[in-house]
Number of protein chains: 2
Amino acid sequence: MADRLPQLELGNQLCFALYSASRASIRAYGPLLAELGLTYPQYLTMLVLWEASEPLTVGDIGARLHLDSGTLTPLLKRLEDLGLADRTRDRADERRVLVSLTERGRALRADAAGIPERIFRRYGLDIAAAQRLVRELTEITGALTRPL
Amino acid sequence: MADRLPQLELGNQLCFALYSASRASIRAYGPLLAELGLTYPQYLTMLVLWEASEPLTVGDIGARLHLDSGTLTPLLKRLEDLGLADRTRDRADERRVLVSLTERGRALRADAAGIPERIFRRYGLDIAAAQRLVRELTEITGALTRPL
DNA sequence: CGCAATAATGTTGTGCACAATCTAACCGAA
DNA sequence: TTCGGTTAGATTGTGCACAACATTATTGCG
């Protein structure tokens with residue numbers, strides 16, 4: 001039997017499955033991130049900064065997270081208020097803002113290190129299955145992000 | 001080689017892959033939904049209402065979409081303002097609010113019918129792969145939603 | 001050089017999400 | 001019957017997302 005074309009049924013819709021799973025995972029992370037005083041998008045931003053050896057511009061962070069300045073500017077100001085990051089205009093190009101971690105921001109990495117594992121254990125997720133899923137999702141994201 | 005435990009790397013994180021893919025799909029739907037004058041969560045709510053033969057309570061809709069009244073109450077008022085839905089207190093239980101479609105709301109279903117297919121064609125998504133993915137994502141959502 | 005085009009970030013306004021709290025309505029046992 | 005507990009929905013406040021636009025800085029071309 002041929003695969004049916006996508007129907008107007010909630011249960012069959014890939015977009016709804018993605019939307020539900022994403023929000024469920026954010027809710028799952030919530031309590032653990034609250035221990036660090038972070039929201040979920042703030043945590044993602046810290047991941048980007050922890051991985052970078054150099055200060056990043058707002059645009060660099062936005063490119064990795066697919067977020068624009070309208071979202072990032074206030075978020076980064078909150079990270080600054082928390083004492084986790086610094087924002088300084090780039091002397092060499094005054095249009096840019098360089099975001100770097102404070103000592104406190106770097107130190108927080110150790111506290112965050114166990115979070116993914118705690119989530120996987122707590123909810124009994126399979127690591128190999130998750131890695132496969134990550135690959136498929138990355139591909140979907142790429143397809144949907146491609147310019148038409 | 002054993003599968004590694006989840007690391008603090010953006011690219012390996014299931015939660016980020018879900019978050020990115022969900023937002024990418026919402027962005028992809030955006031222009032098509034704008035033709036109908038709907039946002040993405042409004043579209044999901046309309047899907048639920050189109051599938052139901054009876055009026056649904058706010059709680060019914062929330063159970064299907066995993067949304068609470070704090071999100072749904074204003075959203076449903078907007079659908080009411082658009083002339084797509086009616087909200088009336090249940091005479092039999094004055095705590096409840098019954099949400100039903102207007103004639104215009106029902107008529108909009110025909111305009112929405114082609115949207116999933118247009119998305120799949122436009123972005124070259126594979127239907128069979130998507131259906132497999134929906135099953136895996138539904139399972140993940142279930143696992144993450146399970147009470148501890 | 002002069003200046004139009006471009007680039008990076010910031011601002012504004014709308015609409016979710018969700019936690020916390022509130023209010024009104026229902027239910028059930030003493 | 002009444003009153004304590006529960007339920008359904010609304011409200012409030014915070015923080016994203018994102019479109020549209022504003023601002024300032026840089027760049028490249030004539």
Side-chain angles (χ1 to χ4, degrees), chain A residues 15-16 18-31 33-34 37-46 55-63 65-82 87-99 144-145, chain B residues 15-16 18-31 33-34 37-46 55-63 65-82 87-99 144-145:
Chain A
C15 62
F16 176 65
L18 288 169
Y19 168 80
S20 292
S22 173
R23 286 195 300 118
S25 86
I26 291 171
R27 278 195 297 269
Y29 274 75
L33 296 179
L38 294 177
T39 65
Y40 183 75
Q42 286 166 12
Y43 167 69
L44 293 181
T45 304
M46 292 301 289
L56 297 177
T57 67
V58 175
D60 291 334
I61 300 171
L65 300 179
H66 312 301
L67 289 171
D68 67 7
S69 69
T71 301
L72 283 174
T73 294
L75 186 156
L76 292 169
K77 284 182 180 170
R78 275 173 223 119
L79 290 182
E80 198 174 28
D81 293 343
L82 291 170
R87 294 175 339 111
T88 59
R89 283 279 159 190
D90 186 347
R91 290 284 175 84
D93 182 344
E94 292 276 351
R95 291 173 302 180
R96 300 178 187 225
V97 167
L98 294 174
V99 182
L144 291 174
T145 302
Chain B
C15 63
F16 176 65
L18 288 169
Y19 168 81
S20 293
S22 173
R23 286 195 303 117
S25 86
I26 291 171
R27 276 194 298 270
Y29 274 74
L33 296 179
L38 294 176
T39 65
Y40 183 75
Q42 287 166 11
Y43 167 68
L44 293 181
T45 304
M46 292 300 289
L56 296 177
T57 67
V58 173
D60 291 334
I61 299 170
L65 299 180
H66 312 299
L67 289 171
D68 68 6
S69 69
T71 301
L72 283 175
T73 295
L75 186 155
L76 292 169
K77 285 180 179 171
R78 274 172 224 121
L79 289 182
E80 198 175 28
D81 293 343
L82 291 171
R87 296 165 58 250
T88 59
R89 284 278 160 191
D90 186 347
R91 290 283 175 83
D93 183 344
E94 292 277 349
R95 289 173 303 180
R96 300 177 186 226
V97 167
L98 294 173
V99 181
L144 292 174
T145 302

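Below, chain A is the first sequence line, B the second, and so on; all start at residue 1. Owing to the predicted nature of the structure, the values given are computational and were not obtained by experimental measurement.
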Reckon [X] touches a base, only the sugar-phosphate, or nothing at all at heavy-atom distances under 4.0 Å?
{"X": "A:Leu75", "answer": "sugar-phosphate"}
{"X": "B:Ser69", "answer": "base"}
{"X": "B:Gly70", "answer": "base"}

Length of the [atom1]-[atom2] vector between [X] and [N], whole Å:
{"X": "B:Glu80", "N": "C:dG15", "atom1": "CD", "atom2": "C1'", "answer": "17 Å"}
{"X": "A:His66", "N": "D:dA19", "atom1": "NE2", "atom2": "P", "answer": "14 Å"}
{"X": "B:Arg23", "N": "D:dA19", "atom1": "CZ", "atom2": "P", "answer": "11 Å"}
{"X": "A:Tyr29", "N": "D:dC16", "atom1": "OH", "atom2": "P", "answer": "17 Å"}
{"X": "A:Leu44", "N": "D:dG15", "atom1": "CG", "atom2": "C1'", "answer": "14 Å"}
{"X": "B:Leu76", "N": "D:dA8", "atom1": "CG", "atom2": "P", "answer": "16 Å"}
{"X": "A:Leu98", "N": "D:dA25", "atom1": "CG", "atom2": "P", "answer": "16 Å"}
{"X": "A:Gln42", "N": "D:dG15", "atom1": "CD", "atom2": "C1'", "answer": "8 Å"}

So how far is it from [X] [atom1] to [Y] [atom2], rounded to the nearest 0.5 Å?
{"X": "A:Thr57", "Y": "A:Leu72", "atom1": "OG1", "atom2": "CG", "answer": "10.0 Å"}
{"X": "A:Leu82", "Y": "A:Met46", "atom1": "CG", "atom2": "CE", "answer": "9.0 Å"}
{"X": "B:Tyr19", "Y": "A:Leu67", "atom1": "OH", "atom2": "CG", "answer": "4.0 Å"}
{"X": "B:Thr71", "Y": "B:His66", "atom1": "OG1", "atom2": "NE2", "answer": "13.0 Å"}
{"X": "B:Arg96", "Y": "B:Arg89", "atom1": "CZ", "atom2": "CZ", "answer": "11.5 Å"}

[X], nearest nucleotide to its side chain (from [options]):
{"X": "A:Arg95", "options": "D:dC16, C:dT11, D:dA25", "answer": "D:dA25"}
{"X": "A:Leu67", "options": "D:dG9, D:dC18, C:dA17", "answer": "D:dC18"}
{"X": "B:Thr73", "options": "D:dA17, C:dA17, D:dG9", "answer": "D:dG9"}
{"X": "B:Pro41", "options": "C:dC16, D:dG9, D:dC16", "answer": "C:dC16"}
{"X": "A:Arg89", "options": "C:dG10, D:dG15, C:dC18", "answer": "C:dG10"}
{"X": "A:Val97", "options": "D:dT11, D:dG9, C:dG10", "answer": "C:dG10"}
{"X": "B:Asp68", "options": "C:dC18, D:dA10, D:dC18", "answer": "C:dC18"}
{"X": "B:Asp93", "options": "C:dC18, C:dA25, C:dG10", "answer": "C:dA25"}

Hey, is the side chain of [X] poking within less than 4.0 Å of OP1 or OP2 on [N], counting only N and O atoms?
{"X": "A:Tyr19", "N": "C:dA17", "answer": "yes"}
{"X": "A:Arg78", "N": "D:dC16", "answer": "yes"}
{"X": "A:Lys77", "N": "C:dT9", "answer": "no"}
{"X": "B:Thr39", "N": "C:dC16", "answer": "yes"}
{"X": "A:Arg27", "N": "C:dC18", "answer": "yes"}

Any donor and acceptor pair, going by atom type alone, linking the side chain of B:Thr45 with main-chain N or O of B:Pro41 inside 3.5 Å? yes
When you match B:Leu72 and A:Arg91 each to their closest nucleotide on DNA chain D, which lands nearer the 5' end? B:Leu72
Name the residue closer to the 5' end of DNA chain D, choosing between B:Arg87 and B:Ile26 according to the nucleotide with the nearest heavy atom. B:Arg87
Minimum heavy-atom distance B:Arg23-A:Leu65, with the two atoms named: NH2-O, 2.7 Å
Could you check A:Ala24 against A:Thr57 and say which one's nearest nucleotide on DNA chain C is further toward the 5' end? A:Thr57
